[in-house]
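Down below is the structure, laid out as structure tokens.
Order of the sequence lines fixes the chain letters, A, B, ..., with proteins taken first and strands second; residue numbering starts at 1 for each chain. Side-chain atoms are counted along with the backbone in the values below, which use heavy atoms only and exclude waters and symmetry mates.
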There are 2 protein chains.
Amino acid sequence: MSLRHALLALLEAGPLTGYQLAKQFDRSVAFTWHARHSQIYTELRRLEHDGFVESAEAPRGGSARAVKRPYSLTRDGAGELERWVTEVEDAAPIRDPWHVKAQYLEFGSYENARRQFRAHREQYVILRDRYERHVEDLRNADTALIKRRLDKAEPSAHRAIVTFKVHAYANLIARARLEISWADEGLSLVDSMELADGASGDEEPVHRPSVQ
Amino acid sequence: MSLRHALLALLEAGPLTGYQLAKQFDRSVAFTWHARHSQIYTELRRLEHDGFVESAEAPRGGSARAVKRPYSLTRDGAGELERWVTEVEDAAPIRDPWHVKAQYLEFGSYENARRQFRAHREQYVILRDRYERHVEDLRNADTALIKRRLDKAEPSAHRAIVTFKVHAYANLIARARLEISWADEGLSLVDSMELADGASGDEEPVHRPSVQ
DNA sequence: AGCTCCATGTAAGTCGTTACATGATTCA
DNA sequence: TGAATCATGTAACGACTTACATGGAGCT
């Protein structure tokens, strides 16, 4: 149920159409919660049905034929947001395809294990850089979203609004760094195992999966 | 699609019934991939339909009425396992309810933020301890599963089998520690913000979510 | 006789993905 | 005139959850 609340949180900064919301989403919440545009549109309709947001039909462009639909938060939606933030969540069920595979790399060659660790490393280098850029923007209050939020909020709340977000991203950055150095350790681990085994560079599985 | 491959990997160590599989699962793969028993049963049927495992009906207990169904890996299943381990996965879509909330803690009171960080901390203390116990068992080859796997594999592969698993869990432990110290940082962050704001101990939201 | 564990599922529903479908506006 | 972007969705399917359903075996 995080999608709904993420959307409510975005709308708390002011009305947005589904499309704008989806784009804002990709630039902020998507770092912690991935969602497709199609899902955002359907969730918005559900939120409207539940009374947490309301929408209007607005003209788009000069001619009157094209239409867009700005959504805004209702009083109930604001209440739901407040309730949600007070609620303590259960630990999220862990579901990590890469770590499942990492447990069973012996079914492939050492060279394959290296490929896997390198790919993992590259993915997290990209994420780390993206997070770092974003946290920089947050610190400088330099995104459309954070500007809208600060504009709307009492100045006394500005520090908290920025600080909580920066702290959340600090965690993501630290996590990305962890994955990178862990992948590096994996790489040297593979090297040392291969050396100890006397094998070298071939593509034979370390332990070929077999029946029975 | 990690569930299927996790099940295949478990069966590579030898035949197991759905129930045994579910229990082994909870004690190993579940640390990286959560699944309910009901889902495991249905996935096993699907794997059988796809030809990756096969099952037999075996009597259970003395009387012949009760039945259990041991599954075993087929040649195709072993091949699929080998293919899977060679395949490089895309980065998993991020979906983390807690970090979504952590970005918006200003909608609650400072005291609430503390509650949230404390709950987060406690969850990861439990996980850390669980991982640490498990990695100890792995290192000592002291779980039913790892014993079966080592029994079956060539001695030359033993080191790799254990090392890859231990390394995977080392990552989970490091991650849990990260979350714990991050929660601690969060707690002192809240204290210092509250102090700077002159507020103290009440349950007023730092920035009450509002409409428009 | 009653409890715990072994054992195997089904059914309904939610959440999310993938692919499709359509068309207007804006700018070069 | 054509490409990029704005804009809003639907349909089918797959993965996962929750709740239900049943009953034997083994032990005290």
Could you pull out all residues at least two apart from Glu204(A) that satisfy salt bridge (charged side-chain N to carboxylate O under 4.0 Å, His left out)?
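Result, salt bridge (charged side-chain N to carboxylate O under 4.0 Å, His left out) vs Glu204(A): Arg208(A).
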
Give a yes or no on whether the backbone of Glu87(A) and the side-chain of Gln116(B) come within a donor-acceptor separation of less than 3.5 Å.
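Yes, the answer is positive, given that a donor and an acceptor are paired below the 3.5 Å cut-off.
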
For nucleotides 19-23 of chain C, tabulate all protein N/O to nucleotide N/O atom pairs closer than 3.5 Å, reporting atom names and distance.
from    : atom 1 : to       : atom 2 : distance (Å)
dG23(C) : N2     : Arg60(A) : NH2    : 3.1

List for me each residue that meets side chain to side chain contact (heavy atoms under 4.5 Å, CB included) alongside Ala119(B), sequence neighbours excluded, and say none if there are none.
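Checked Ala119(B) against side chain to side chain contact (heavy atoms under 4.5 Å, CB included); matches are Val88(A).
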
Considering only distance and modelled atom types, tabulate donor-acceptor pairs under 3.5 Å from the side chains of residues 160-178 of chain B, sequence neighbours left out.
from      : atom 1 : to        : atom 2 : distance (Å)
Thr163(B) : OG1    : Arg159(B) : O      : 2.6
Lys165(B) : NZ     : Gln103(A) : O      : 2.8
Lys165(B) : NZ     : Glu106(A) : OE1    : 3.4
Lys165(B) : NZ     : Glu106(A) : OE2    : 2.7
Lys165(B) : NZ     : Ile161(B) : O      : 3.1
His167(B) : NE2    : Trp182(A) : O      : 3.4
His167(B) : NE2    : Trp182(A) : NE1    : 3.1
Tyr169(B) : OH     : Gln103(A) : OE1    : 3.3
Tyr169(B) : OH     : Ser28(B)  : O      : 2.9
Asn171(B) : OD1    : His99(A)  : NE2    : 2.8
Asn171(B) : ND2    : Glu179(A) : OE1    : 3.3
Arg175(B) : NE     : Glu179(A) : OE2    : 3.3
Arg175(B) : NH2    : Asp96(A)  : OD2    : 3.4
Arg175(B) : NH2    : Glu179(A) : OE2    : 3.0
Arg177(B) : NH2    : Glu132(B) : OE2    : 2.5

Of residues 15-37 of chain A, the positions that come close to DNA chain C - non-hydrogen atoms, cut-off under 4.0 Å
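Trp33(A), His34(A), Arg36(A) - these, ordered by number, are the residues of the stretch whose heavy atoms sit under 4.0 Å from the strand.
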
Whole-Å distance separating the [atom1] atom of [X] from the [atom2] atom of [N]:
X        : N       : atom1 : atom2 : answer
Leu3(A)  : dT14(C) : CG    : C1'   : 13 Å
Arg46(B) : dA15(D) : CZ    : C1'   : 9 Å
Arg45(B) : dG14(D) : CZ    : P     : 20 Å
Lys68(B) : dG24(D) : NZ    : C1'   : 13 Å
Ile40(A) : dT18(C) : CD1   : P     : 15 Å
Gln39(A) : dC13(D) : CD    : P     : 19 Å
Glu43(B) : dT10(C) : CD    : P     : 14 Å
Ile94(B) : dG16(C) : CD1   : C1'   : 16 Å

Within the supplied structure, the quantity of interest is the number of heavy atoms (other residues, nucleotides, ligands) at a distance under 6.0 Å from Asp90(A) CG; does it exceed 12?
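Counting other residues, nucleotides and ligands, CG of Asp90(A) stays at 12 neighbours or fewer.
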
State which of [options] makes the closest approach to the side chain of [X].
X        : options                  : result
Thr42(B) : dA15(D), dT10(C), dG9(D) : dT10(C)
Tyr71(A) : dG9(C), dC15(C), dG9(D)  : dG9(D)
Ala66(A) : dC16(D), dA24(C), dG9(D) : dA24(C)

Ignoring hydrogens and angles, state whether a donor on the side chain of Thr17(B) or Arg69(B) is under 3.5 Å from an acceptor on the partner side chain.
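Distance-only check fails for Thr17(B) and Arg69(B).
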
Would you call the rings of Trp84(B) and Tyr104(A) parallel, tilted or perpendicular, taking 30° and 60° as the class edges?
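Tilted: the ring planes of Trp84(B) and Tyr104(A) meet at 30° to 60°.
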
NA contact type, Arg4(A), heavy-atom cut-off 4.0 Å: base, sugar-phosphate, or nothing?
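No contact at all - Arg4(A) keeps every heavy atom at 4.0 Å or more from the nucleic acid.
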
Basic-acidic side-chain contact under 4.0 Å: Lys68(B), Glu57(B):
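Glu57(B) and Lys68(B): not salt-bridged.
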
Listed by chain and number, what are the ring pair (Phe, Tyr, Trp, His ring centres under 6.0 Å) partners of Phe52(A), not counting sequence neighbours?
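Phe52(A) satisfies ring pair (Phe, Tyr, Trp, His ring centres under 6.0 Å) with no residue once adjacent residues are dropped.
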
